[in-house]
Amino acid sequence: MAEPEVMQKIVSLAKRRGFVFQSSEIYGGLRSAYDYGPLGVELKRNIVAEWWRAMVYEREDIVGLDAAIIMHPKVWEASGHLAGFSDPLVDCRNCKERFRADKAPKVAAGTEVSYQEGGKKGGKTLKGVAERGYVCPNCGGGDLSDERRFNLMFRSSIGPVDTIEEIAKYVETHRDLEGGALREALDGVIRQSAVYLRPETAQAMFVQFLNVQESLGMKVPFGIAQTGRSFRNEITVEHFVFRSCEFDQMEMEFFCEPGSQAEWLKYWCEQRLAWYQRFANHPERLRLRQHHPDELAHYADDCYDVEYEYPWGWDELEGIASRTDYDLNKHAEHSGKKLSYFDPQKPNPETGKPGLRYVPYVIEPAAGATRTLLMLLLDAYHEEAVPDAKGEDATRVVLKLHPRLAPYKAAVLPLVKKDGLPEIGHDIVKKFLQAGLFVSYDEQHAIGRRYRRHDEAGTPYCLTVDGQTKQDQTVTIRYRDDMRQERIPIERAVDVVREKLQRGDR
RNA sequence: GCGGGACUAACUCAGUGGUAGAGUGCAACCUUGCCAAGGUUGAAGUCGCGGGUUCAACCCCCGUGUCCCGCUCCA
């Protein structure tokens, strides 16, 4: 099913079954903010846990980090995120540089200019006209966007004194100021206590590069992984949770020796694509797409997107960028700290002696956890024509989520609500919960409805307690994807489910 | 940011300028019951929000919020 209506069905199901709710719904909702309900929070946590397992626990060369959401404002000055708050910014359509219009090289309006395609040496030479009286400081091009003030980041202030007090005081003592001068002065006042919610988790990993490397004695190549909430004032929000202002990221910065980046980029592209495909019912709806040279940010020497075929078409799921030494250099420059790595084994090509100091290059697989959640819901959503008890056509809606990602690992269902069956059921539930497996006990309505309800919730296994259970201590295990049933001893139920989860059995 | 559409019960939707409807779901009980079973009963909506027109507005007008679809934009 690829029609746009599948999105409506997902949104409806997400609400009905407690996956995703509109934020602040009773107050009319808040633009592009979503809350994850009882099942949604489980799914999201499972996604992040699987990512962490693949990136950190299953290998020796990557370690974790959990940095503060609010960082020193200079972090964002160095990264370039802060520039847009007070200054009109312009995007170069040729090399993708974003720059301050007032700091750009001036040329007389109407002058003909020539520049290299993509801002890269050896690129095709293009010609254009500097219509606005300045050109791109990076490539010299004249193909520029309008001047705009971007407020990509959410700004707040730190400290007990409300910034408005400072502003009021300033205005009262500077009544002569107006227009741009006033704006600039007030911006200066605000900035004294201004802090920003991180627009990405990545920067903390660059900023803490040395601490992580030294404290754990990490040897290049190695990576730092982090998951967490990020915030962006997106110009456009769209497609349910696909692009929202507050979202969860799963990012890893992999530091490697200059010259090896192409190889590592290839490696990470393969790893990351395979990770998604491992959990997907439709691996053919996932692909890698290399960025065109004119798409690349000027600090990247290559970049791939992991894309998914959403109902609205192929779109991004994860970006895997080769960021060169740009970030470490920027932070070294702004902080005055030397952010480099010394390899005592490596011979220095200049002296021939062992010992080489260099600034590592970085490969960055940056994934969206909330985006992954949407992709998995879309991938898992199935409608099947199944005859009902009366032999009439009925539709079965089933979320074929990978068992390890499914919110409930199993549902325990007494066939009837009497004859001691509920008691047996509760005992089984207790065993699962003690084993750390999240399961649901459900005795409402007929057994068939309960199966279908859990199909919609993506519960991979249903354990049904029936009359026979009392005689031979067995229950039936019913599989979500094909509805087949088997009998297993209660004694082994936890182990059976655990083994199936381990293997990903459906 | 621009244009178009939508908003009525938890979900999917009817509806008329004059007392708010259906199906599903939900809750309770009954029927010894393995794939949305049958029966009985019940709860649930100030019709997104705020103004205006009118004797009377869910319906007409204005504003606003949210979502969707295009475009635009996009670390």
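Contacts of residues 367-378 of chain A with RNA chain B (heavy atom under 4.0 Å): none.
Applying the salt bridge (Lys or Arg N to Asp or Glu O under 4.0 Å) definition to pairs two or more places apart or across chains, those involving residues 15-31 of chain A are A:Lys15-A:Glu25, A:Arg16-A:Glu456, A:Arg17-A:Glu456. Every pair passing salt bridge (Lys or Arg N to Asp or Glu O under 4.0 Å) that includes a residue from residues 361-381 of chain A is listed here, sequence neighbours excluded: A:Arg323-A:Glu364.
Residues forming a salt bridge (charged side-chain N to carboxylate O under 4.0 Å, His left out) with A:Arg198 (at least two apart in sequence, or on another chain): none. Considering only residues two or more places apart in sequence or on other chains, A:Gln208 meets the side chain to side chain donor-acceptor pair (under 3.5 Å) condition with A:Asn211. Every residue two or more places apart in sequence or in another chain that forms a side-chain contact (heavy atoms from CB on, under 4.5 Å) with A:Pro38 is listed here: A:Phe21. The salt bridge (charged side-chain N to carboxylate O under 4.0 Å, His left out) test applied to A:Glu333 returns no partner, not counting sequence neighbours. In this view, A:Glu77 satisfies the salt bridge (charged side-chain N to carboxylate O under 4.0 Å, His left out) rule with no residue, not counting sequence neighbours.
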Pairs under 3.5 angstrom, nitrogen or oxygen only, protein versus nucleotides 22-31 of chain B, please.
from	atom 1	to	atom 2	distance (Å)
B:C26	OP1	A:Arg453	NH1	2.5
B:C26	OP2	A:His445	NE2	3.1
B:A27	OP2	A:His445	NE2	3.1

Might you list the N or O atoms of the protein lying below 3.5 Å from N or O atoms in nucleotides 42-46 of chain B, with each pair's distance?
none

Q.
Does the protein touch nucleotides 5-12 of chain B at the base, only the backbone, or not at all? Give it as B, S and - per nucleotide, heavy atoms under 4.0 Å.
A. -----SSS
Q) Which dot-bracket string fits RNA chain B when only Watson-Crick or G-U wobble pairs with both atom distances under 3.5 Å count, crossing pairs get [ ], and | stands for a partner on a different strand? A) (((((((..((((....[..)))).(((((.......))))).....(((((..]....))))))))))))....
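Of the candidates B:C34, B:C68, B:G33, B:C34 carries the atom nearest the A:Asp466 side chain, counting heavy atoms from C-beta on.
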